[in-house]
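Computed from a predicted model, the values in this text were never measured in an experiment.
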Amino acid sequence: MRVRPETAADYAAVARVHVRAFGDRADEAVIVALLRQRASYTPGLSLVAEVDGVIAGHVLFTPGILPLMGQAVPAVLLAPLAVDPAFQRRGIGGALIEAGHEAARQHGAALSLLLGHPEYYPRFGYQVQSYGIARCVVDVAALPATGPLTARKPAAADLPALMRLWEHEEGAVDFSLRPDAALLDWLSPNPLITATVYERGGSVVGFTRIHQAAPAEPRLLLAADVSAAQAMAHAIASSAAVQSLTLPLHPASASAALGTAAVRTFDPALAAELIPGALGGYLAGVRAGQRPPGRPLWPTAFDLA
């Protein structure tokens, strides 16, 4: 078996591996194709395993920046990992993970995170319940009425303002996975998810992504200040014809004061140190109840999963 970085000539074979490994569905193959278009995509972190010249497995590590205990930490997201069913149980997945970890270290990453099997990944250093899912329940009727905002589709010219919104809203949230300053990171490939920019007086003051099937539970909400957050909550609730919203806000999110925010961990929420000490202090604080678990906001490519 040989593990090496993928090349463009491998793309079709890699797609076939993902289709076969995930039960003849295309989702993961499409996700890989979308992640390759991100500004942060690094070819040396997309690895294939060859057996007798045949591509038998693939893993993609996507670089990113994680806020963690007040620091901007270089990290990688491990997803997806696939081994062709005809080659499984030969250690190919483990070889890809270990080679990917070493490549990620060489690229300066301090830790790796993923959503995955809580019995498989810990053998490679991953710890369960490393982060969680955050929800903030908001009684919109109890919020003060504010002036209306103008809603429209996002455009490339909005990117500096959107990045500032993210830093304001999510910069203090551990594991919140900073997006790239590229429009692809803000628009969903899922046609049922709509991205919206909110303006006040000609300035961008808010952003949401909302799935048509869950109009009262936005996938993302960023606001420039309390007044904008309240106005956005009223607009979303009115459009959904509800009195209560469930927002993806962490207790450390700037708009968490809109309601009651909480975060819960779960075993498949996994993270591993690639550099000793990168994760220990954070996990010790979480385990001791001294700080809430972090919460990632996944790249929009995973809206297809």
Side-chain angles (χ1 to χ4, degrees), residues 62 64-79 97 101 104 109-140 142-143 165-179 214 216-223 225-226 229-230 233 244-299 302:
T62 298
I65 299 296
L66 289 180
L68 192 65
M69 299 182 69
Q71 302 295 316
V73 177
V76 288
L77 170 61
L78 191 173
I97 292 170
H101 284 178
L111 58 88
S112 175
L113 72 155
L114 61 92
L115 275 174
H117 199 292
E119 295 180 4
Y120 176 73
Y121 287 99
R123 69 185 71 173
F124 304 104
Y126 287 86
Q127 299 195 52
V128 301
Q129 299 191 20
S130 290
Y131 53 86
I133 296 174
R135 296 289 184 267
C136 181
V137 179
V138 178
D139 178 4
V140 180
L143 297 179
L165 283 179
W166 187 92
E167 291 290 349
H168 170 74
E169 187 72 72
E170 295 293 324
V173 179
D174 289 330
F175 273 82
S176 50
L177 264 178
R178 183 180 298 161
E217 300 181 12
R219 297 290 186 94
L220 177 64
L221 182 142
L222 307 175
D225 51 46
V226 173
Q230 292 170 341
S244 177
L245 300 176
T246 301
L247 304 179
L249 297 174
H250 186 274
S253 295
S255 297
L258 287 180
T260 302
V263 57
R264 66 172 181 83
T265 60
F266 53 108
D267 284 351
L270 298 153
E273 290 184 333
L274 301 181
I275 296 175
L279 197 60
Y282 157 80
L283 284 177
V286 169
R287 307 296 194 236
Q290 297 171 347
R291 64 187 303 113
R295 181 268 283 118
L297 293 169
W298 306 110
F302 292 98

Report summary line: Heavy-atom nearest pair, A252 first then A172, reads CB-O, 3.6 Å
Query raised in the report: Between E273 and A278, is there a donor-acceptor pair closer than 3.5 Å when you use the side chain of the first and the backbone of the second?
Result: yes
Query - Derivation of the side-chain contact (heavy atoms from CB on, under 4.5 Å) call for L66 and L177 - result: CA-CA 5 Å; L66 289 180; L177 264 178; 3.6 Å; yes
Query raised in the report: Within a strict 4.5 Å, meaning less than it, do heavy atoms of the P299 and L77 side chains meet?
Result: yes
Requested in this report: Flag the pair R295 and E170 as a salt bridge only when some basic side-chain nitrogen lies within less than 4.0 angstrom of an acidic carboxylate oxygen.
Outcome: yes
Query - Audit row: V173, L297, side-chain contact (heavy atoms from CB on, under 4.5 Å) steps and yes/no - result: CA-CA 10 Å; V173 179; L297 293 169; over 6 Å; no
**Report entry** Contact summary for A233 and L143, nearest pair of heavy atoms
**Finding:** CB-CD1, 3.7 Å
Query raised in the report: Under 3.5 Å, side chain of H168 to main-chain N/O of L222, donor-acceptor pair present?
Result: no
Query raised in the report: How far apart are the closest heavy atoms of A134 and H250, and which atoms are they?
Result: CB-CA, 3.7 Å
Requested in this report: Mind running side-chain contact (heavy atoms from CB on, under 4.5 Å) on E169 and L249 for me, showing each step along the way?
Outcome: CA-CA 9 Å; E169 187 72 72; L249 297 174; 3.9 Å; yes
Query raised in the report: Going from CG on L220 to CG on L247, what distance comes out if it is rounded to the nearest 0.5 angstrom?
Result: 10.5 Å
Report summary line: Heavy-atom nearest pair, P251 first then A256, reads O-CB, 3.8 Å
Can I get a per-line list of side-chain donor-acceptor pairs under 3.5 Å for residues 109-122, giving both atom names and the distance, sequence neighbours left out?
from, atom 1, to, atom 2, distance (Å)
S112, OG, Y126, OH, 2.7
H117, ND1, E119, N, 3.1
Y120, OH, G94, N, 3.3

Report task. Using a cut-off of 6.0 Å, state whether more than 12 heavy atoms not belonging to Q71 lie near its atom CD. Result -> no
Query raised in the report: Going by the ring-ring contact (aromatic ring centres under 6.0 Å, His included) test, which pairs reach into residues 270-296, not counting sequence neighbours?
Result: F175-Y282
Query raised in the report: side-chain hydrogen bond (donor to acceptor under 3.5 Å, both in side chains): which pairs involve residues 129-138, sequence neighbours left out?
Result: Q129-T265, Q129-D267
Requested in this report: Can you measure from NE2 (H101) to CG (L274) and round to the nearest 0.5 angstrom?
Outcome: 5.5 Å
Query raised in the report: Going from OG on S176 to CD1 on I65, what distance comes out if it is rounded to the nearest 0.5 angstrom?
Result: 11.0 Å
Requested in this report: State, with a plain yes or no, whether a side-chain heavy atom of L245 is found less than 4.5 Å away from one of L258.
Outcome: no
Query raised in the report: What are the two closest non-hydrogen atoms of L221 and P248, and how far apart are they?
Result: N-CG, 4.1 Å
Report task. Rounded to the nearest 0.5 Å, what's the gap from CG on L270 to CZ on F124? Could you check? Result -> 12.0 Å
